[in-house]
Amino acid sequence: MLNFPIPYDKELLYSTVARAGIRQGIVSPKQLLDEIYGNRKVIATLDLPNQLEKVTRWLPLPYNVETLAYRHTLFPLYAPFIPEERRKRCLAWMAGESQGAIHLAMGVAASLVKVPGHVRYCPGCLKEQGRAVGEYFWQREWQVAGVECCERHGELLNTAIPRPLVERHLYRAASPEACPLFPQKSVCARSVKIQDQIRQLLQQRPAVSPGFEQWSVHYHWLAQQHGFIRGQTQIDHTAIFEAVLARWSSKFLRRYGLGIGGQAGSLWLQAIFRKHRKSFSYLQHIIVHEALLPEFWHMGEVIDCVRDLLVRSMIAMPKRARVEASLDLTQDQQDWVRMLEECPPKVARAAKPALYARLYRYNRLWLKQVNSTRQRATKVKRKPRIDWQQRDRQHLAKLREVLRLLRASTSGPRRSQTFMLKQLGKSSTLEKKLHCLPRTRRLLLRYSESVAQYQVRRLRNAWKELRQNFVYPPRWRLLRCAGLSEIRLTYEAWDYLNGLEDSHTAYQGNQG
């Protein structure tokens with residue numbers, strides 16, 4: 001695509017693609033996807049898009065997948081809080097196809113903090129954009145949960161565009177129609193403080209992400225620095241709750257699903273100070289640090305400190321060392337050894353969870369060593385329950401019968417792979433297990449009808465139908481009868497239509 005726009009500073013990539021459609025004068029959403037991605041099935045994603053590698057083809061050399069992800073998507077909000085291996089995997093998904101996996105892997109889909117219900121904008125900033133660059137565009141900060149206003153102009157306003165997007169393939173540009181310049185309410189000081197920290201996250205450059213162990217050590221240190229420790233290791237969660245509620249109102253926390261008034265609602269605040277086994281939202285981290293750290297703290301500095309933490313690794317003990325009950329063992333250790341004489345570790349843990357929890361907290365190395373001495377029960381190899389070769393032959397015979405019936409008529413819907421699988425029944429199951437049905441899969445790939453082939457078939461059927469009343473049907477009538485438009489025609493269908501016109505021209509020449 002020629003004349004692809006360069007993304008503005010702070011602009012979402014979603015907005016850049018929408019502006020590309022306006023510059024090219026493309027009305028059809030599918031045609032825009034064809035021009036940019038070469039794929040009509042790409043979903044217009046606002047926060048964490050994929051297929052970035054195909055977008056970089058239309059941009060100058062300094063732009064690559066990492067640059068687009070960190071400067072023009074909401075990826076930096078989540079990257080520091082997931083392990084490094086997962087961060088790299090998510091970047092790879094954003095470069096190619098993720099099929100929704102990136103929102104699951106980064107914890108967005110299951111997060112307590114939900115995205116805003118509508119696409120948002122700041123009328124004051126839009127006026128400045130119009131004066132500076134002559135057009136509107138969506139800024140990243142406007143679409144972040146927790147940011148409620150612009151620090152210079154006032155409260156953000158909602159558009160009529162819902163999130164998640166209803167028209168999944170349509171890129172909606174920021175325009176006067178979508179963003180009326182209504183008056184704004186005054187600035188909210190609480191939102192400005194959150195916005196400062198979110199802005200630091202969005203300005204983060206590609207870097208190694210801290211691990212869960214480092215975040216666990218950091219939060220334990222944070223509680224220790226403020227005296228929220230009982231004894232040597234036990235966290236005083238009640239004191240932490242009081243400190244957070246003294247800084248943030250219950251109404252604000254409930255608005256984002258982070259209420260800590262009741263026991264069930266306070267679980268996230270307890271979990272973030274325990275051993276991290278999952279990632280937490282950027283807003284949860286900001287809320288806790290804003291309540292416990294001094295006034296002029298910076299999220300970027302916190303992430304750098306956590307990244308530099310050294311986690312003390314556990315020293316592995318010899319696996320073959322014999323562990324026997326003796327006078328040196330505590331009563332809990334002796335009870336555990338007796339339990340292991342009767343059942344394997346997993347069964348013993350289920351039978352005595354409190355005993356296992358005490359040993360795991362205070363005698364972890366000993367517990368791992370004694371459990372490793374127990375021989376695990378060997379798994380019984382089971383015969384496969386399904387004869388896939390026989391099932392492949394059965395579906396192959398059914399598919400041939402379906403194809404025989406389809407060939408008898410030239411009308412009907414597009415004969416795609418999904419359509420033919422539905423004729424066989426249980427299409428969702430078959431689609432997941434096609435790798436186990438090689439002969440059926442090969443026949444499907446051979447006779448599946450593409451969009452271009454489907455359009456040509458519709459034009460051919462319309463031509464035959466109209467020839468009964470016209471020597472040569474007009475182009476507009478042919479397209480209307482086929483249910484097509486020139487905007488959505490594929491190149492193959494366009495060539496076929498032009499071929500029909502050439503034959504008509506030759507026919508008229510012969511008549512003359």
Side-chain angles (χ1 to χ4, degrees), residues 7-16 46-49 66-82 87 106-108 111 113-116 119-129 132-133 136-158 163 174 179 184-207 209-210 247-248 252 255-256 258 279-307:
Y8 293 119
D9 185 32
K10 302 179 182 179
E11 182 184 15
L12 279 171
L13 183 62
Y14 172 94
S15 173
T16 309
L46 196 73
D47 51 356
L48 299 170
E66 271 194 341
T67 304
L68 289 178
Y70 274 87
R71 295 185 183 179
H72 301 289
T73 74
L74 300 188
F75 183 79
L77 287 181
Y78 309 99
F81 310 115
I82 59 176
R87 184 190 74 91
M106 301 193 79
V108 181
S111 176
V113 181
K114 303 304 178 184
V115 299
V119 178
R120 302 184 298 179
Y121 69 100
C122 172
C125 292
L126 288 180
K127 291 179 184 178
E128 295 179 355
Q129 291 174 6
V133 299
Y136 294 169
F137 59 88
W138 304 115
Q139 290 191 21
R140 292 195 291 174
E141 296 174 2
W142 299 344
Q143 316 309 330
V144 177
V147 178
E148 300 175 354
C149 67
C150 170
E151 77 278 8
R152 292 184 293 116
H153 303 111
E155 187 179 21
L156 298 179
L157 303 183
N158 289 332
R163 291 182 63 186
C179 308
Q184 298 173 256
K185 294 182 180 180
S186 59
V187 175
C188 174
R190 178 185 58 230
S191 177
V192 171
K193 289 189 176 182
I194 295 178
Q195 186 182 29
D196 291 339
Q197 305 303 332
I198 287 176
R199 189 169 293 167
Q200 292 182 44
L201 285 173
L202 292 176
Q203 292 172 354
Q204 289 278 312
R205 291 295 174 255
S209 295
R247 181 63 184 83
W248 302 98
F252 171 82
R255 183 186 309 168
Y256 294 101
L258 303 177
S279 60
F280 292 88
S281 169
Y282 61 91
L283 192 57
Q284 292 169 305
H285 288 281
I286 291 174
I287 286 173
V288 174
H289 286 84
E290 179 69 23
L292 300 185
L293 290 182
E295 184 177 359
F296 300 103
W297 70 281
H298 298 284
M299 197 68 207
E301 295 178 358
V302 170
I303 294 173
D304 291 337
C305 292
V306 177
R307 188 181 291 117

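Below, all heavy atoms of this structure are taken into account, side chains as well, without hydrogens, waters or symmetry copies.
- With rounding to the nearest 0.5 angstrom, the NE2 atom of His298 is 11.5 Å from the SG atom of Cys305.
- Lys185 NZ: 12 or fewer foreign heavy atoms inside a 6.0 Å radius.
- For the pair Leu157 and Tyr121, the minimum side-chain heavy-atom distance is below 4.5 Å.
- Listed here is the closest heavy atom pair of Met299 and Trp297: SD-CZ3, 3.5 Å.
- Residues Leu46 and Val115 are not in side-chain contact: their nearest non-hydrogen atoms beyond the backbone lie 4.5 Å or more apart.
- Closest non-hydrogen pair, Gly107 versus Ser279, comes out as CA-OG, 4.4 Å.
- Not a single donor-acceptor pair under 3.5 Å links the side chain of Glu155 to the backbone N or O of Gln184.
- Once rounded to the nearest 0.5 Å, the distance linking CD of Gln129 with OH of Tyr136 reads 8.5 Å.
- Residues Tyr282 and Phe81 form a side-chain contact, since some pair of their non-hydrogen atoms from C-beta on lies under 4.5 Å apart.
- Checking Glu128 against His153 by side-chain atom types alone, a donor-acceptor pair falls below 3.5 Å.
- Interatomic distance, CG of Leu202 versus CG of Leu74, reported as 6.5 Å (0.5 Å rounding).
- Scored by the salt bridge (Lys or Arg N to Asp or Glu O under 4.0 Å) test, Asp196 finds no partners at all (sequence neighbours excluded).
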Show your working on side chain to side chain contact (heavy atoms under 4.5 Å, CB included) between Trp142 and Cys125 and close with a plain yes or no.
CA-CA 10 Å; Trp142 299 344; Cys125 292; 3.5 Å; yes
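- Under the 4.5 Å side-chain criterion, counting only non-hydrogen atoms from C-beta, Pro116 is in contact with Arg163.
- No side-chain donor-acceptor contact under 3.5 Å links Arg87 to the backbone of Ala79.
- Here the CD atom belonging to Glu290 is positioned 8.0 Å from the CD atom belonging to Glu295, to the nearest 0.5 angstrom.
- With rounding to the nearest 0.5 angstrom, the CD1 atom of Ile198 is 6.5 Å from the CG atom of Leu77.
- Taking all atoms of both residues into account, the shortest heavy-atom contact from Cys150 to Leu156 is N-CD2, 4.2 Å.
- Minimum heavy-atom separation, Pro80 to Ser209: CA-OG, 4.1 Å.
- Once rounded to the nearest 0.5 Å, the distance linking CD of Gln195 with CD1 of Ile286 reads 11.0 Å.
- Inter-residue side-chain proximity for Val144 and Ile194 is flagged as unmet; no heavy-atom pair is nearer than 4.5 Å.
- At distances below 3.5 Å, not a single donor-acceptor pair connects side-chain atoms of Trp138 with backbone N or O atoms of Tyr14.
- With a 4.5 Å cut-off on side-chain heavy atoms, Phe252 and Ile287 count as touching.
- Two residues are said to be in side-chain contact when any heavy atoms from C-beta on lie closer than 4.5 Å; Arg307 and Ile303 meet this criterion.
- With Gln139 contributing its side chain and Leu126 its backbone, the two residues share no donor-acceptor pair below 3.5 Å.
- Looking at Val113 and Leu258, their side chains come closer than 4.5 Å, going by heavy atoms from C-beta outward.
- The shortest heavy-atom contact between Phe137 and Asp9 is CE1-O, 4.0 Å.
- Remark: the backbone N or O of Arg71 is paired with a side-chain donor or acceptor of Arg140 at under 3.5 angstrom.
- Applying the salt bridge (Lys or Arg N to Asp or Glu O under 4.0 Å) rule to Arg199 yields the partners Glu141, Glu151; only residues at least two apart in sequence or on another chain are considered.
- The nearest pair of heavy atoms linking Pro76 to Ala69 is CD-O, 3.5 Å.
- Checking side-chain atoms of Glu11 against main-chain N and O of His72 turns up no donor-acceptor pair under 3.5 Å.
- With Gln200 contributing its side chain and Gly300 its backbone, the two residues share a donor-acceptor pair below 3.5 Å.
- Between Phe75 and Tyr70, the ring planes lie perpendicular to each other; the angle is over 60°, past the 30° to 60° tilted range.
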